[in-house]
Amino acid sequence: MAATKLAAVVTLLSFLGPVACQGSNSSPICLGGWLRPVKVLNFLLCPPGSSRKPPPGPSPAPSAPSLSVGYYNYACPNAEKIVRDVVENATCNDPGVGAGLIRLFFHDCFVQGCDASVLLKNTSGSSDETEMFGAPNVNSLRQSAFKVIDDAKAALEEACPNNVSCADIVAFAARDASNILSYGKISFAIPAGRYDGRVSLASEANQNLPGPSEDLQQLKASFASKVLDTNDLVTLSGAHTIGLARCMFISNRPGMNATLAIELSQKCSSGDSTRVNQDYKTPDVLDSQYYQNVNDNDVLFDSDAALSSAETQPLVNTFAKNLKEWEKEFADAMVKMGNIGVKTSANGEIRKTCSIYNS
Ligand code: HEM
Ligand SMILES: *[C@@H]1O[C@H](CO)[C@@H](O)[C@H](O)[C@H]1NC(C)=O
Ligand SMILES: *[C@@H]1O[C@H](CO)[C@@H](O)[C@H](O)[C@H]1NC(C)=O
Ligand SMILES: *[C@@H]1O[C@H](CO)[C@@H](O)[C@H](O)[C@H]1NC(C)=O
Ligand SMILES: *[C@@H]1O[C@H](CO)[C@@H](O)[C@H](O)[C@H]1NC(C)=O
């Protein structure tokens, strides 16, 4: 029943070819590395009849011993294409879905490892609430992102039943969302072969996910506990260049851009649960604008502003100036995050339905 472990014979080319530009007929996307101004995102993401150029090649990154690139090439050759099509369709309709998918991957990996525990509605052996009901997740992770995973899983169960883990779907979807929201500039192969967990606890989500009012020492400790270093923290925080945040998390720090602070307090007058763009300049583009925002004091959370600390300021400056450098580092850091606490057939399973562990 377990997906066969297919180590080596994987060609990056045969993998990247289809994944790079396999638009569904309804939404051809072609991301050849061009970047444009942002205003009309849907049009730019899904230009009618755009030509299909391959993206730049992947940057090799170390993978956990049990994972490999192209893991499903033999047992389910279309697995990554099937995920890509679902992500592409949903993200073209609403770039927020892509933001939701990237965050879903982070919230999965930091709690019980990258094992799709964040998708479970019940945990094995108790009736306690699962991760998705924890404070960082409830009313926060996007339902539209869960739906992408469920839709992809349904298609995969048709194509190759019992073979593709939900944990790998989450990882593929985050990778594809990164590619789409960066207009193809962030393009990387992500190793797969993760198994799904059976344990999911809200209390563990509360403990393991860093909060928006944390300072640099706390953030570093949180990442270090997942074997991610300070550079990974700085690099991955750049994901706050897309998506939304609720007003309740916005910091009151005196240094914040006063004009922005006034605009935010006006928007937030309709309540603490109002959602605002994290990056008011290029809200739906996965770019390095976040680092300029850190320098301009235009970021929303204390945890973002914390990156102006002496220790992290140099890397923030590098990324603010050098988009390409950040894109490359972000891809590597996503792969590294995807190695956290990976489960194997010995302590995991290939779930049949992503929200329910196998009986
Ligand atoms: C460094 C520590 C981090 C903290 C304290 C933090 C905190 C938060 C908070 C409070 C929100 C808003 C949630 C809401 O209003 O419901 C948010 C949104 C978001 N975060 Fe983070 N985050 C961190 C790191 C990351 C990382 C590593 C990633 C991904 C690589 C990420 C991706 C996102 C995305 C994409 C959103 C917007 C989601 C959406 O619009 O659906 N964050 N984060
Ligand atoms: C998937 O897993 C099953 C066992 O559940 C196995 O028999 C089959 O060969 C695998 N591959 C495909 C493509 O279904
Ligand atoms: C594409 O997305 C739309 C809207 O979210 C949905 O109604 C449609 O069924 C999707 N099509 C495919 C082929 O996934
Ligand atoms: C499973 O989770 C649902 C939703 O959280 C809950 O209503 C139900 O009681 C749980 N079932 C079991 C067997 O724990
Ligand atoms: C401060 O915020 C305002 C309003 O959002 C913006 O126009 C301005 O460019 C910001 N200043 C800096 C230095 O980023």
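Counting starts at 1 for both ligands and their atoms, in listed order. In this chain, residues are counted from 1 in sequence order.
- Contacts with ligand 5 closer than 4.0 Å are made by heavy atoms of both the backbone and the side chain of Leu260.
- With respect to atom 4 (C) of ligand 5, the closest heavy atom belonging to the protein is Glu263 OE2, 3.3 Å.
- Heavy-atom contacts of Asp296 reach the following atoms of ligand 5: 14 (O) (cutoff under 4.0 Å).
- Protein heavy atom in closest approach to atom 9 (O) of ligand 5: Tyr280 OH, 3.7 Å.
- Taking every heavy atom of Asn257 and a limit of under 4.0 angstrom, the matching atoms of ligand 5 come to 1 (C), 2 (O), 3 (C), 8 (C), 10 (C), 11 (N), 12 (C), 14 (O).
- For Phe105, the heavy-atom gap to ligand 1 stays at 4.0 angstrom or more.
- If you look at atom 21 (Fe) of ligand 1, the protein N, O or S atoms less than 2.8 Å from it are His240 NE2.
- Of the heavy atoms in Leu219, only side-chain atoms (C-beta onward) come closer than 4.0 Å to ligand 1.
- Lys226 places no side-chain N or O within donor-acceptor distance of the main-chain N or O of Gly341, the cut-off being under 3.5 Å.
- Counted by atom type alone, Ser213 and Asp302 present zero donor-acceptor pairs between their side chains at under 3.5 Å.
- A side-chain N or O of Gln313 and one of Asn295 form a donor-acceptor pair less than 3.5 Å apart.
- Applying the side-chain hydrogen bond (donor to acceptor under 3.5 Å, both in side chains) criterion to Lys352, with sequence neighbours excluded, gives Glu157, Asn162.
- Not a single protein heavy atom sits closer than 4.0 Å to atom 7 (O) of ligand 5.
- If you check which protein heavy atom lies closest to atom 14 (O) of ligand 5, you get Asp298 OD2, 2.7 Å.
- Between Phe110 and Phe223, the gap from one ring centroid to the other is short of 6.0 Å.
- Looking at Arg198 and Asn358, their side chains never bring a donor and an acceptor atom within 3.5 Å of each other.
- Residue Thr259 places no N or O, backbone or side chain, under 3.5 Å from any N or O of ligand 5.
- The closest approach between any non-hydrogen atom of Gln278 and ligand 1 is below 4.0 Å.
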